[in-house]
Amino acid sequence: MISIREFQEKDLESIKNIHFFMWLQLQWQKDFHKEDAIVAVDEDDSVIGVAALSYGGTWYYIESNVTHIPEYYMQFECHVQENHPDFKLVKHLLIDALKKHFTTYKEKYPDKKIVMRCWCEDSSLEEMEQLLKEQFTAHGITPVLSFDLTGEIPNYTIPESISIGVHSFEDDGMKQYMEANELGFDNVRDSEHELWFRLSGDTTKVFVAKDGDKVISSVTVWGIGDGRSATENIFTIPDYRHKNIARETIATSLRYLKELGETQATLSVVGENIPAISLYLSMGYHVFYNLFEMHYTP
């Protein structure tokens with residue numbers, strides 16, 4: 001018999017065997033909270049699946065008097081023991097329980113549009129079908145683009161006053177970065193907790209362009225494995241756009257990854273962000289695959 005219960009610290013070792021990255025996040029990523037995590041267990045109380053909600057960047061504005069955020073997101077993750085004979089049933093029970101838990105947030109914020117969201121790869125048709133059956137909607141497509149690091153990486157001319165290098169988060173480094181990040185992403189900053197979590201990894205570097213001491217553009221890189229690294233969280237603050245600064249900041253990160261011996265760099269971009277997609281394609285990125293953004297709204 002399969003049952004669902006709240007996550008407990010004792011479950012971590014079992015979760016490690018189910019999904020290593022989820023194990024890391026539940027311990028050290030502060031956007032994850034114990035009260036928003038559940039597990040599926042068998043008759044022996046052995047963990048066979050785990051699901052959790054985590055705060056997205058917009059969620060940190062939900063109690064602010066802002067008018068520019070139409071929807072407030074929590075990210076949804078669900079992982080089930082590989083090859084479990086009741087894989088689909090376990091996943092259904094976890095999703096159903098987490099949806100009910102998410103509804104309590106709707107009761108807390110009745111005037112806000114809140115959304116539980118996740119992504120599935122375009123090759124994961126069974127996963128998408130199950131999410132549709134669970135009353136998720138296919139909200140949009142997020143292309144994942146790839147850059148071949150074995151080829152030539154272009155150089156771009158930028159204003160002489162601009163310098164590019166790896167950012168230091170000591171002293172007020174995080175404050176400087178997050179202020180620029182908020183401006184660069186239309187007044188909705190990324191999660192600082194997620195960035196600190198990423199920075200705890202050996203492969204994470206944040207490249208920034210600066211005008212004097214002012215952070216104006218950035219790209220974060222981290223290793224994914226098998227010669228592949230991410231180039232994500234790319235932004236440039238409005239006053240410094242259309243000056244090749246974003247291009248050269250990205251190119252600097254690509255040259256760094258190439259020197260490390262990486263062979264592929266990837267990034268994801270919202271399908272409606274035509275200017276960003278045009279920028280990346282013009283630099284030599286190509287479509288790798290697509291992610292479907294799936295939403296559930298109580």
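Basis for what follows: all heavy atoms, side chains included, without hydrogens, waters or symmetry-related copies. The structure presented is a predicted model; accordingly, all values stated were derived computationally and were not measured.
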Student: Tell me if a side-chain donor or acceptor on S191 pairs with a main-chain N or O of H193 at a distance below 3.5 Å.
Tutor: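 The answer is yes, because a donor-acceptor pair under 3.5 Å joins these two groups.
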Student: Using the side chain to side chain donor-acceptor pair (under 3.5 Å) rule, take R255 and N155 through it: C-alpha gap first, then chi angles, then the decisive distance, then the call.
Tutor: CA-CA 10 Å; R255 288 191 285 270; N155 291 279; 3.1 Å; yes
Student: Heavy-atom distance under 4.5 Å between the side chains of K91 and E127, does that happen here?
Tutor: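 They are in side-chain contact.
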Student: Is the number of heavy atoms from other residues, nucleotides or ligands within 6.0 Å of CD (Q27) greater than 12?
Tutor: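 It does: Q27 CD has more than 12 such atoms within range.
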Student: Give a yes or no on whether the ring-centroid distance for Y73 and H295 is below 6.0 angstrom.
Tutor: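 That pair passes the under 6.0 Å test.
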Student: When you compare the side chain of Y289 with that of S123, does any pair of heavy atoms fall below 4.5 Å?
Tutor: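 Not in contact.
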Student: Please tell me whether W119 and M74 are part of a single hydrophobic cluster in this structure, the criterion being side-chain heavy atoms less than 4.5 Å apart.
Tutor: no
Student: In this structure, are over 12 heavy atoms from other groups packed under 6.0 Å from D226 atom CG?
Tutor: no
Student: Can a donor-acceptor pair be found, under 3.5 Å and without considering hydrogens, that links the side chain of D42 to the backbone of S46?
Tutor: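 Such a contact is found between D42 side chain and S46 backbone.
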Student: In the structure I gave you, are the side-chain heavy atoms of I162 and Y240 within less than 4.5 Å of one another anywhere?
Tutor: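 They are in side-chain contact.
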Student: Has the side chain of E232 got a donor or acceptor atom that lies under 3.5 Å from a matching backbone atom of S268?
Tutor: yes
Student: Search all heavy atoms of S229 against all heavy atoms of I224 and return the closest pair with its distance.
Tutor: C-CD1, 3.9 Å
Student: Side chain of Y61, backbone of R189: donor and acceptor closer than 3.5 Å?
Tutor: yes
Student: Do V188 and E182 have side chains that approach each other closer than 4.5 Å (heavy atoms only, starting at C-beta)?
Tutor: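 V188 vs E182: side chains apart.
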Student: Counting only heavy atoms from other residues, nucleotides and ligands, does the tally under 6.0 Å from CD of E43 exceed 12?
Tutor: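 Correct, the count exceeds 12.
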Student: Of the non-hydrogen atoms in I2 and L89, which two are nearest, and what is the gap between them?
Tutor: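 Taking every non-hydrogen atom into account, CD1-CD2, 4.0 Å.
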Student: Distance-only, no hydrogens or angles: does the D148 side chain make a donor-acceptor pair with backbone N or O of T150 under 3.5 Å?
Tutor: yes
Student: Does atom CD of E71 have more than 12 heavy-atom neighbours from other groups under 6.0 Å away?
Tutor: yes
Student: With the side chain counted from C-beta on, respond yes when Q75 and S54 share a heavy-atom pair under 4.5 Å apart, and no when they do not.
Tutor: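 Yes, close enough: below the 4.5 Å cut-off.
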Student: Going through the distances and angles, do K10 and D45 end up as a salt bridge (Lys or Arg N to Asp or Glu O under 4.0 Å)?
Tutor: CA-CA 11 Å; K10 69 175 185 177; D45 200 43; 3.3 Å; yes
Student: For the pair E192 and K175, evaluate salt bridge (Lys or Arg N to Asp or Glu O under 4.0 Å) and give the outcome as yes or no after the intermediate values.
Tutor: CA-CA 10 Å; E192 185 175 328; K175 181 176 181 289; over 6 Å; no
Student: Could you go through S282 and R247, starting from their C-alpha distance and side-chain angles, then the distance that decides it, and tell me whether this counts as side chain to side chain donor-acceptor pair (under 3.5 Å)?
Tutor: CA-CA 10 Å; S282 69; R247 292 176 187 273; 2.8 Å; yes
Student: Is any side-chain heavy atom of R228 closer than 4.5 Å to one of T266?
Tutor: yes
Student: Is there a donor-acceptor pair closer than 3.5 Å between any side-chain N or O of K106 and the backbone N or O of P298?
Tutor: no
Student: Before giving the answer on side chain to side chain donor-acceptor pair (under 3.5 Å), spell out for Y60 and D31 the whole-Å C-alpha distance, their side-chain angles and the decisive distance to 0.1 Å.
Tutor: CA-CA 10 Å; Y60 288 100; D31 289 328; 2.3 Å; yes
Student: Run the numbers on E262 and K258 for salt bridge (Lys or Arg N to Asp or Glu O under 4.0 Å), then give the verdict.
Tutor: CA-CA 5 Å; E262 298 286 83; K258 185 182 180 80; over 6 Å; no
Student: What verdict does the side-chain contact (heavy atoms from CB on, under 4.5 Å) test give for Y177 and F169, after you've listed the backbone C-alpha separation in whole Å, the side-chain angles of each residue and the deciding distance to 0.1 Å?
Tutor: CA-CA 8 Å; Y177 174 85; F169 288 90; 3.8 Å; yes
Student: My understanding is that only one of Y256, W222, F235 makes a ring-ring contact (aromatic ring centres under 6.0 Å, His included) with F207; could you say which?
Tutor: Y256
Student: Quick one: does L125's side chain get under 4.5 Å of F292's, heavy atoms only?
Tutor: no
Student: If you count heavy atoms of other groups shown closer than 6.0 angstrom to NE2 of H68, is the number above 12?
Tutor: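 Yes - once you tally the heavy atoms of other residues, nucleotides and ligands closer than 6.0 Å, there are more than 12.
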Student: Determine the sole option in F7, Y55, Y105, W59 for which the ring-ring contact (aromatic ring centres under 6.0 Å, His included) test with H33 is passed.
Tutor: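 Of F7, Y55, Y105, W59, ring-ring contact (aromatic ring centres under 6.0 Å, His included) with H33 is met by Y55 alone.
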Student: Can you tell me if K88 has over 12 outside heavy atoms packed within less than 6.0 Å of its NZ?
Tutor: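 Result for NZ/K88: open.
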Student: Evaluate the criterion ring pair (Phe, Tyr, Trp, His ring centres under 6.0 Å) for residue pair F136 and F102; output intermediate values, then yes/no.
Tutor: CA-CA 13 Å; F136 280 73; F102 187 62; 9.5 Å; no
Student: Mind running side-chain contact (heavy atoms from CB on, under 4.5 Å) on L267 and Y280 for me, showing each step along the way?
Tutor: CA-CA 9 Å; L267 61 82; Y280 304 141; 3.5 Å; yes
Student: Quick check on side-chain contact (heavy atoms from CB on, under 4.5 Å): which of E134, M128, H139 does M294 satisfy it with?
Tutor: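 Considering E134, M128, H139, a side-chain contact (heavy atoms from CB on, under 4.5 Å) with M294 is found only for M128.
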Student: Take a 6.0 Å sphere around CD of E35 and say whether it holds more than 12 heavy atoms from other residues, nucleotides or ligands.
Tutor: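 Check passes, neighbour count above 12.
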Student: Taking it one step at a time, do D239 and I216 satisfy side-chain contact (heavy atoms from CB on, under 4.5 Å)?
Tutor: CA-CA 9 Å; D239 290 347; I216 59 173; over 6 Å; no
Student: Tell me if the CG atom of N65 is crowded by more than 12 foreign heavy atoms within 6.0 Å.
Tutor: no
Student: Each residue besides V270 in its hydrophobic cluster should be listed here, by chain and number; the cluster joins Ile, Leu, Val, Met, Phe, Trp and Tyr at side-chain heavy-atom distances under 4.5 Å.
Tutor: none
Student: Could you go through F197 and L24, starting from their C-alpha distance and side-chain angles, then the distance that decides it, and tell me whether this counts as side-chain contact (heavy atoms from CB on, under 4.5 Å)?
Tutor: CA-CA 9 Å; F197 175 71; L24 288 176; 4.0 Å; yes
Student: Considering only heavy atoms from C-beta outward, does the side chain of H167 approach that of K205 to under 4.5 Å?
Tutor: no
